[in-house]
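Only this structure's heavy atoms are used, side chains among them; waters, hydrogens and symmetry mates stay out. We're numbering straight along the sequence, starting at 1.
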Amino acid sequence: KMKIRLTLFVILINTVVVFAQHPNGKIRKGNTAYKDSSYSDAEQLYREALMKDQSSYEASFNMADAIYKQERYSEANSLFKALSEKTDDKIKKSESYHNLGNSLLKEQKLDEAIEAYKNALRNNPKDLDTKHNLAYAMRMKNQSQEQEKEEQKEEEKEEDKKKEKEEQEEEEKGENQ
């Protein structure tokens, strides 16, 4: 009986050690840090999970999210783009493209964000959040184009005023001679 208890104890200890080293433990801790808005800590925990399992989509995706939350958009863009190309799962691909769109939107890269949202919808056409974000990005693009047109009109008016003033000054010089 003592030998059986000792064997069970050793198995239990080994199981605890194995689970302590499993990447899911780091991912769970990272998720907790993320929920607490400790994005830098979360990123580090996801990196540690990736050291144990480089193919973990969840750790990679969550790390990219944590990097996004730290406003490191360019780095997040690269990670989300790589994730979207790495998976064949349509939902995961859609989530990666959606977050890529969000990150590009933060950088005011409207055309690229719109394309990312469209790619997300190609993989998951029913995603209402992506539909909303696509519509928002398109409105921003239209507003940006309208603002550029207004600015161009203002510049043209200023140039016309300058020309009129120069012509008027030339006429006055001609009359004074």
Practice item. Measure from the side-chain N and O atoms of S144 to the backbone N and O of M140, and report whether any donor-acceptor pair falls under 3.5 Å. Key: no
Practice item. First locate atom CG of L79, then atom CG of N62, and finally report the distance between them rounded to the nearest 0.5 Å. Key: 12.0 Å
Review point. How far does NZ of K26 sit from CE of M51, to the nearest 0.5 angstrom?
Key: 8.5 Å
Exercise for review: Using only heavy-atom distances, determine whether the side chains of Y117 and N102 contain a donor-acceptor pair under 3.5 Å.
Suggested key: yes
**Study point:** I114 side, atom CD1; Y136 side, atom OH - distance, nearest 0.5 Å
**Key:** 12.0 Å
Review point. Do the charged groups of K141 and D111 touch, with an N to O distance under 4.0 Å?
Key: yes
**Study point:** Check: D36/S38 side-chain N/O donor and acceptor closer than 3.5 Å
**Key:** no
Practice item. Kindly indicate, with the supporting measurements, whether the criterion side-chain contact (heavy atoms from CB on, under 4.5 Å) is fulfilled by F61 and E95. Key: CA-CA 9 Å; F61 184 88; E95 291 169 344; 3.9 Å; yes
Check your understanding: Is there a donor in the side chain of D53 and an acceptor in the side chain of S56, or the other way round, less than 3.5 Å apart?
Key -> no
Review point. With distance as the sole test, does Q70 use its side chain to make a donor-acceptor pair with the main-chain N or O of A66 at under 3.5 Å?
Key: yes
Check your understanding: In this structure, are over 12 heavy atoms from other groups packed under 6.0 Å from Y57 atom OH?
Key -> yes
Check your understanding: Would you call E43-R72 a salt bridge at under 4.0 Å N-O?
Key -> yes
Check your understanding: Looking just at side-chain N and O atoms, do N124 and Y97 make a donor-acceptor pair shorter than 3.5 Å?
Key -> no
Point to revise | Heavy-atom pair of closest approach, residues S96 and L83 | key: OG-CB, 3.5 Å
**Study point:** Trace of the side-chain contact (heavy atoms from CB on, under 4.5 Å) decision for N123 with I91
**Key:** CA-CA 7 Å; N123 287 282; I91 298 300; over 6 Å; no
Review point. Just how far is it from atom NE2 of H98 to atom CG of N133, taken to the nearest 0.5 Å?
Key: 4.5 Å
Review point. Can you list the residues that meet the salt bridge (charged side-chain N to carboxylate O under 4.0 Å, His left out) rule with K109, with sequence neighbours excluded?
Key: E107
Check your understanding: Should we say atom CD of Q54 is surrounded by more than 12 heavy atoms from elsewhere, each under 6.0 Å from it?
Key -> no
Practice item. First locate atom CG of N142, then atom CG of L110, and finally report the distance between them rounded to the nearest 0.5 Å. Key: 10.0 Å
Exercise for review: Say whether, by atom type as modelled, one donor and one acceptor occur between the side chain of S84 and the main chain of K81 under 3.5 angstrom.
Suggested key: yes
Check your understanding: Does any N or O in the side chain of S103 come within less than 3.5 Å of the main-chain N or O of Y73, such that one atom is a donor and the other an acceptor?
Key -> yes
Point to revise | Steps toward side-chain contact (heavy atoms from CB on, under 4.5 Å) verdict (K157, E154) | key: CA-CA 5 Å; K157 283 181 185 177; E154 288 298 318; 4.0 Å; yes
Exercise for review: List the atom of A64, the atom of A76, and the distance in Å for their closest heavy-atom pair.
Suggested key: O-CB, 4.0 Å
**Study point:** Residue from L45, I27, L50 passing side chain to side chain contact (heavy atoms under 4.5 Å, CB included) with M63
**Key:** L50
Check your understanding: So, do Y68 and N77 sit near enough that their side-chain heavy atoms are less than 4.5 Å apart?
Key -> no
Revision key, fill the gap. Between A49 and A59 the two heavy atoms that sit nearest each other are CB-CB, 4.0 Å
Check your understanding: Would H132 and L128 count as a side-chain contact (heavy atoms from CB on, under 4.5 Å) if you check the C-alpha gap in whole Å, the side-chain angles of each, and the deciding distance to 0.1 Å?
Key -> CA-CA 6 Å; H132 170 80; L128 295 179; over 6 Å; no
Check your understanding: Under 4.5 Å between side-chain heavy atoms, hopping through other hydrophobics if needed: is there a path connecting L104 to M138?
Key -> no
Check your understanding: Do side-chain atoms of K131 reach the backbone of P125 as a donor and acceptor pair under 3.5 angstrom?
Key -> yes
Point to revise | is_close_aromatic(Y34, Y46), centroid dist under 6.0 Å | key: no
Review point. Out of curiosity, K153 NZ to E150 CD, how far, rounded to the nearest 0.5 Å?
Key: 5.0 Å
Study note, to complete from the structure: Contacts of E115 meeting salt bridge (charged side-chain N to carboxylate O under 4.0 Å, His left out) (sequence neighbours excluded), chain-then-number -> R122
Review point. Looking only at heavy atoms, which two atoms of K93 and E85 are closest? And how far apart?
Key: NZ-CA, 4.3 Å
